[in-house]
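One structure is given below, encoded as structure tokens.
Just so we're clear, the structure is a prediction, and the values are computed from it rather than from any experiment. Lettering of chains follows the sequences in order, A, B, ..., and the numbering in each one begins at 1. Computed over heavy atoms, backbone and side chain alike; hydrogens, waters and symmetry mates excluded.
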Number of protein chains: 2
Amino acid sequence: MITIKDVARHAGVSVSTVSYVLSGKRPISTATSQRVRRSIHELDFHPNAGARALASSRTNVLALVVPLRTDLNLPVIMQFVSSIVTAAREHDHDVLLLTKESGADEVHRVVASARADAVIVMDVEARDPRLPALRELDVPVVLVGVPADPAGLNSVDLDFTTSGARAVGHLVDLGHRSVGLIGSPPTVYERKTGYATRFLSGFTECARQRGVTVHVHPCAPSYTALSACLDDLLRQELAVTGLVVHNEAVLPDVVLELRRRDRRVPEDVSVIALCPDAIAATRPVPVTSITIPAEEVGTIAVEMLMQGLRGKQPSEVRLLAPHLTDRGSTVTAPRTADR
Amino acid sequence: MITIKDVARHAGVSVSTVSYVLSGKRPISTATSQRVRRSIHELDFHPNAGARALASSRTNVLALVVPLRTDLNLPVIMQFVSSIVTAAREHDHDVLLLTKESGADEVHRVVASARADAVIVMDVEARDPRLPALRELDVPVVLVGVPADPAGLNSVDLDFTTSGARAVGHLVDLGHRSVGLIGSPPTVYERKTGYATRFLSGFTECARQRGVTVHVHPCAPSYTALSACLDDLLRQELAVTGLVVHNEAVLPDVVLELRRRDRRVPEDVSVIALCPDAIAATRPVPVTSITIPAEEVGTIAVEMLMQGLRGKQPSEVRLLAPHLTDRGSTVTAPRTADR
DNA sequence: CCGCCAAATCGAAACGTTTCACCAGAAGGA
DNA sequence: TCCTTCTGGTGAAACGTTTCGATTTGGCGG
């Protein structure tokens, strides 16, 4: 193994000088610096992470808690993870993977044993049982998803309330007076996952204000559930002309099933979804959507942690404004809404 | 921070004794051992990972290289990751996440800086450009997926060749004489991903031996591609009565689209898929399938690494026998096969 | 020519484990 | 009784960095 000592000898300087060249914490003359750098390169020196961590009490590792069992919105999760890893690398950090299933104890273990010096927790629920334990940690923590009481922790997420309002608003602007919501699976609402209920409240509140009737329908991620859901929403007497879909899993089937029922999109029914752009764009008919800005959320989460590691501990909540992309699946409501 | 010294003092023993209690590398009297354990527990002591790594040159961390950008078979990937993390924890190891996109350099960095002491690489292609670099590493490496030349490395995967044969064999046994394959996206074959071509060769070879005609059709993960694909495969003159689907992304739509074309499953067309059980079981009509044993592969991968860390370096290839579950979507071929 | 200052560099003490070599004391054999 | 052999335990030297304080150098004003 090749150590900093070897580099120092090779470059004809002291060990500490090499260290300072690497960290930039003391001024080093450009001549020396370059000589050292060349030695590092020639010897292919990589500082030992353990030794570094021991001496500096910094691991340059972020712990990331991911909900792996959830088979629901997997693409979204992956996008988060991907952007987090990339962002972390940009700040010279690595990512340690923990699963949500193993709970807060694992996070504590990882922090207590100084394996990571900051934590990102994904898929946080409104009254997440892990919250108290997370508050106890004396390292920076960022939650992806906003809990009921975010005090003492940082959180970042899409502004789902505004998104719900925005979705229904878009349809109302187009003249729709009766709007259906195909929601997330019932289980998601039951466990009070923050994002689903927030989207729902934004949705209903906006509808109320603008005087349109809404029909809310959670939907499990299966064909039969979707089928039943559509049967219900498409009943003549409801006269639904606009559909908001907040359910990545069934969105693919929604358009197909509407067709099978002789409802054309967008002529008969306008459809707007809340999902990653990648999904909305590849449907048979591209779907107008509000994007879930996974990329951005991930980057911001890492940014917040880096802030925290630099000493600031603001404990803020950052809600990202929704961004709507019209892909043509929403049009002016048909005249014969009550055919 | 609470160190091993504190524990030693609290338990009235020397530092080394505590260490030996923890590692079990020397016999310690049960009396002392229990006293030490109680102290550890009372003080909530967690050995500092950095110091540990430095002194023992073992990090107890596995690096895992994951293809995060691939939006294709995400559920499968997640299952792998999930089982790997779980298995790693069972062996008291943590998992460091690397992305495939960042290439072999990152793996080298992580190993050279002693951040991890073994590596799992997922989604390995037949002539993967990372292979040479991986062979250079002097730590245990396990590939998930078998490259053209697996020499010097360990690999584990489903036996795709046999799986292909098994799938077509199952249909032939039921009397089908003309079988279609809805394959993975064309890009997957182009980059010579091992598993797709191996499945294909097993498929065609078995069909040849048993004298049935086959119609192979790669299929991009989009509705239009699937539609075109089905149009082609369902042409009268081909008289296809059995369909093998090796494409998680479009499987959900296949049954729906068959229905739309007035082909019933399984009365008119038998369908068998290669995909995780979770996907096959939740289709409108549950689909007979050969499972992708992600759970098992992950566990085995970790097991092999642990072997390697214990000193053995066998460099073996482990192919898992396919397991077929009949869910009723495959039945005896209709009489009027050539209607 | 001297003394002083800043800039650049060096030396050595941490950091918290593991592990090797060593040491008491008890047990056992002669 | 004395020597050996265990068993259970200790002390201290690594491990490879970072970082603090000290030291050298060169330049400059007086």
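With hydrogens and angles disregarded, a donor-acceptor distance shorter than 3.5 Å links the side chain of Ser315(B) to the backbone of Leu153(B). In this structure, Asp157(A) contributes its side chain and Val144(A) its backbone to no donor-acceptor pair below 3.5 Å.
No engagement by Ser57(B) is indicated, since no non-hydrogen atom pair under 4.0 Å with the nucleic acid exists. Residue Ser19(B) is classed as a base contact, given a heavy-atom separation below 4.0 Å to a base. Within the 4.0 angstrom heavy-atom criterion, only backbone atoms of the sugar-phosphate kind lie near Thr3(A); the bases stay farther away. Residue Ser16(B) is in base contact, counting any heavy-atom pair closer than 4.0 Å across all strands shown. Within the nucleic acid shown, Val15(B) comes within 4.0 Å of at least one base atom, counting heavy atoms only.
Side-chain atoms of Leu309(A) and His91(A), non-hydrogen and from C-beta on, never get closer than 4.5 Å to each other. When side chains are defined from C-beta on, Met306(A) counts as touching Val302(A), because their heavy atoms get closer than 4.5 Å. Here the side chains of Gln307(A) and Asn154(A) are not in contact, with every heavy-atom distance at 4.5 Å or above. At least one side-chain heavy atom of His93(B) sits less than 4.5 Å from a side-chain heavy atom of Asp117(B).
Shown here are the side-chain contact (heavy atoms from CB on, under 4.5 Å) partners of Ala55(A), two or more places apart in sequence or in another chain: there are none. For the salt bridge (Lys or Arg N to Asp or Glu O under 4.0 Å) test, residues two or more places apart in sequence or in another chain that qualify with Arg135(B) are Asp149(B). Taking His108(B) as the reference, His46(A) meet the ring-ring contact (aromatic ring centres under 6.0 Å, His included) condition, with sequence neighbours excluded. For Arg109(B), the side-chain hydrogen bond (donor to acceptor under 3.5 Å, both in side chains) criterion is met by Asp94(A), Glu106(B), not counting sequence neighbours. Listed by chain and residue number, nothing satisfies the salt bridge (Lys or Arg N to Asp or Glu O under 4.0 Å) test with Arg58(A) (two or more places apart in sequence, or in another chain). Taking Glu296(A) as the reference, Pro293(A), Ile300(A), Leu320(A) meet the side-chain contact (heavy atoms from CB on, under 4.5 Å) condition, with sequence neighbours excluded. For Thr32(A), the side-chain contact (heavy atoms from CB on, under 4.5 Å) test picks out Val13(A), Thr17(A), Ile28(A), Ser29(A), Arg35(A), Val36(A), with sequence neighbours left out.
Projected onto DNA chain D by closest heavy-atom contact, Val13(B) and Ala55(B) fall at different nucleotides, the more 5' of which corresponds to Val13(B). DNA chain C is contacted by both Val18(B) and Thr30(A); Thr30(A) maps to the nucleotide lying nearer its 5′ end (nearest heavy atom per residue). Mapped onto DNA chain C by nearest heavy atom, Ile28(A) and Ile2(B) fall at different nucleotides, with Ile28(A) at the one closer to the 5' end.
Between Ser29(B) and the phosphate of dT7(D), there is no side-chain N or O to OP1/OP2 separation shorter than 4.0 Å.
Within residues 35-52 of chain A, the residues approached by DNA chain D to less than 4.0 Å at the level of any non-hydrogen atom are Phe45(A), Pro47(A), Asn48(A), Ala51(A), Arg52(A), in residue-number order.
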Can you check nucleotides 22-27 of chain D for protein contacts, nitrogen or oxygen pairs under 3.5 Å, and list what you find?
none

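The separation between Ile4(A) atom CD1 and dT19(D) atom P is 11 Å, rounded to whole Å.
Running 5' to 3' along DNA chain C, contacts with non-hydrogen atoms of chain B at under 4.0 Å begin and end at dG16(C) to dA21(C).
Residue pairs satisfying the ring-ring contact (aromatic ring centres under 6.0 Å, His included) criterion with at least one member in residues 131-155 of chain A, sequence neighbours excluded, are absent.
Axis angle between the ends of the helix from dC1(C)-dG30(D) to dA30(C)-dT1(D), five pairs each and rounded to 10 degrees, works out to 50°.
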